[in-house]
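One structure is given here, and the rest of the page talks about it.
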Amino acid sequence: MSSIVSIESLSGLVAFSVAVETGSFAAAGRKLGLSASAVGKAVERLEARIGLRLLNRTTRSLAVTGEGDILYRYVARILKELKDAEQELHLVQKAPRGRLKVSVPTVLGRKIIMPALLDFRTLFPEVTTDISLDDVKVDIIEGGYDVVLRLGELDDSTLRARRIGPHTFITCASPEYLARRGIPKSPADLHDHCCVYYRFPTTGRQEVWAFKNSHHATPSKPSVVLNDGESLASAALGGLGIIQAPSYLVSEDIAAGRLQAVLADYTDERGSVSLVWPPMSARAPKVRAFIDFMAERVSQKLY
């Protein structure tokens with residue numbers, strides 16, 4: 001017996017199943033938009049392929065053989081599952097649902113995305129969010145991501161992007177530290193301070209401090225180096241020294257008076273915070289819903 005799992009057999013399996021359900025080749029043909037002869041020949045080719053008789057024919061009716069009954073039970077179940085899949089795909093096109101794979105930078109994810117996730121889940125309970133918090137620049141296509149959140153300048157590509165807001169860095173320290181060491185008036189004054197800065201864990205590269213309207217960059221004698229973004233805020237809160245950190249990492253502490261911004265006239269942007277996705281992804285309601293929701297929620301924390 002030859003395998004029935006082939007493209008050639010699919011039309012025969014459908015014709016056979018409908019013929020069993022309708023009781024004749026003529027009725028099956030009307031349902032499938034084919035002639036009775038075409039349905040009969042499709043079933044004959046299927047029988048020849050598997051080497052078994054599935055239907056006994058008379059001039060007035062069809063009778064299912066024992067072998068045909070076994071095959072029909074399986075084929076009917078498979079065709080029903082295909083119809084169910086088709087209906088579910090239609091639902092997916094209408095309402096946000098299904099698995100959504102997302103990648104976001106670690107600190108921004110913990111400070112903004114995760115707190116907002118409950119509200120997103122409340123609005124869209126049928127969406128399963130699979131979120132990776134990672135500072136590695138993932139390959140969106142190879143990784144199978146629906147949406148990623150990117151920081152800084154975007155590369156030219158065929159990907160679609162939506163700018164949410166500026167990626168602004170704030171220079172700050174604890175009030176206790178500043179009371180002890182003084183408040184810097186210009187970037188040049190940082191050479192007399194204890195400065196805590198960040199080293200990228202993926203590349204080992206030291207982050208460069210940048211200031212608007214100034215040629216000064218990283219202090220010449222950094223006192224502490226950390227490879228974890230949230231540890232920067234902890235170091236500043238502990239009175240260790242001055243840090244330069246993303247606004248979303250320190251804005252709440254500044255508002256509460258736990259940290260104090262310095263060199264405000266020199267605050268600069270380092271590109272943008274953007275949502276990026278493959279061109280075809282936005283057609284899915286789950287992707288559109290996530291982009292619109294997070295664009296609004298994240299932008300509120302950037303200004």
Side-chain angles (χ1 to χ4, degrees), residues 104-122 131 133-135 149-152 163-187 189-190 192-201 207-214 216 218-219 222-275 293-303:
V104 300
T106 304
V107 174
L108 192 147
R110 290 174 180 166
K111 297 292 288 187
I112 301 180
I113 302 300
M114 300 312 296
L117 197 56
L118 176 59
D119 290 341
F120 180 78
R121 290 278 304 135
T122 301
I131 301 181
L133 276 66
D134 201 333
D135 293 322
L149 203 151
R150 288 269 164 87
L151 306 176
R163 184 182 186 274
I164 301 174
H167 192 211
T168 303
F169 279 66
I170 298 176
T171 309
C172 58
S174 70
E176 294 77 13
Y177 172 87
L178 295 173
R180 187 171 70 249
R181 299 289 298 271
I183 299 176
K185 302 300 183 183
S186 75
D189 295 340
L190 292 173
D192 299 323
H193 282 268
C194 176
C195 295
V196 183
Y197 69 99
Y198 179 71
R199 185 185 300 280
F200 294 96
E207 187 170 45
V208 176
W209 288 19
F211 300 97
K212 184 168 57 178
N213 303 322
S214 174
H216 292 277
T218 303
S223 304
V224 179
V225 183
L226 300 170
N227 71 345
D228 176 74
E230 289 177 293
S231 295
L232 286 176
S234 298
L237 289 166
L240 188 58
I242 297 177
I243 66 170
Q244 190 172 87
S247 58
Y248 52 81
L249 177 59
V250 296
S251 58
E252 291 183 0
D253 290 316
I254 291 174
R258 294 184 293 268
L259 292 176
Q260 180 178 333
V262 298
L263 304 175
D265 292 339
Y266 297 92
T267 298
D268 200 8
E269 297 178 9
R270 300 186 192 173
S272 304
V273 178
S274 305
L275 287 164
F293 178 88
M294 287 302 173
E296 179 180 358
R297 186 61 62 93
V298 174
S299 65
Q300 294 172 358
K301 300 291 185 177
L302 298 179
Y303 293 96

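- Between the Q244 side chain and the A210 main chain, a donor and an acceptor come within less than 3.5 Å of each other.
- Minimum interatomic distance between W209 and I242 (heavy atoms only, all atoms of both residues): CH2-O, 3.5 Å.
- In this structure, L240 CG and C195 SG are separated by 10.5 Å, a value rounded to the nearest 0.5 Å.
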Determine, step by step, whether F200 and D135 satisfy the side-chain contact (heavy atoms from CB on, under 4.5 Å) criterion, reporting the C-alpha distance in whole Å, the side-chain angles of both residues, the deciding distance to 0.1 Å, and the verdict.
CA-CA 9 Å; F200 294 96; D135 293 322; over 6 Å; no

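- Considering NE2 of H193 and CD1 of I183, their distance stands at 9.0 Å, rounded to 0.5 Å.
- The two residues T267 and F169 make their nearest non-hydrogen contact at CG2-O, 3.2 Å.
- Between the side chain of R181 and the backbone N or O of D192 there is at least one donor-acceptor pair closer than 3.5 Å.
- Across P184 and L263, no two heavy atoms sit closer than the pair O-CD2, 3.5 Å.
- Residues L133 and M114 are in side-chain contact: their nearest non-hydrogen atoms beyond the backbone lie under 4.5 Å apart.
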Determine whether L149 and M294 satisfy the following criterion, side-chain contact (heavy atoms from CB on, under 4.5 Å), listing intermediate values before the conclusion.
CA-CA 10 Å; L149 203 151; M294 287 302 173; 5.9 Å; no

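- Taking the six-membered ring where the residue is Trp, F211 and Y266 present perpendicular rings, their angle passing 60° and hence far from 30°.
- Taking 4.0 Å as the cut-off between side-chain N and carboxylate O, D268 and K212 do not count as a salt-bridged pair.
- Between the side chain of R297 and the backbone N or O of F120, no donor-acceptor pair lies under 3.5 Å.
- Looking only at distances, no side-chain donor or acceptor of D119 sits under 3.5 Å from a matching main-chain atom of A116.
- Distance alone, capped at 3.5 Å, places no donor-acceptor pair between the D253 side chain and the R258 backbone.
- Across every non-hydrogen atom of A261 and I254, the tightest pair is CB-CD1, 4.2 Å.
- Atom CD1 of I113 and atom OG1 of T106 lie 12.0 Å apart (nearest 0.5 Å).
- More than 12 non-hydrogen atoms from other residues, nucleotides or ligands lie less than 6.0 angstrom from CD of E230.
- Rounded to the nearest 0.5 angstrom, L226 CG and Y197 OH are separated by 10.0 Å.
- At least one side-chain heavy atom of V250 sits less than 4.5 Å from a side-chain heavy atom of I243.
- When every heavy atom of L275 is checked against every heavy atom of A295, the shortest pair comes out as CD1-N, 4.0 Å.
- Contact check for S223 versus V196: no side-chain heavy atoms found under the 4.5 Å cut-off.
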Going through the distances and angles, do Y248 and V107 end up as a side-chain contact (heavy atoms from CB on, under 4.5 Å)?
CA-CA 9 Å; Y248 52 81; V107 174; 3.9 Å; yes

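- Under the 4.5 Å side-chain criterion, counting only non-hydrogen atoms from C-beta, I170 is not in contact with L259.
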Any chance you could lay out the side-chain contact (heavy atoms from CB on, under 4.5 Å) test for L302 and T168, step after step, and finish with the verdict?
CA-CA 8 Å; L302 298 179; T168 303; over 6 Å; no

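- Here the side chains of R150 and H167 are not in contact, with every heavy-atom distance at 4.5 Å or above.
- Scanning all heavy atoms of the two residues, the minimum distance from A236 to S174 falls at O-CB, 3.2 Å.
- From L232, atom CG reaches atom CG of N227 across 10.0 Å, with rounding to the nearest 0.5 Å.
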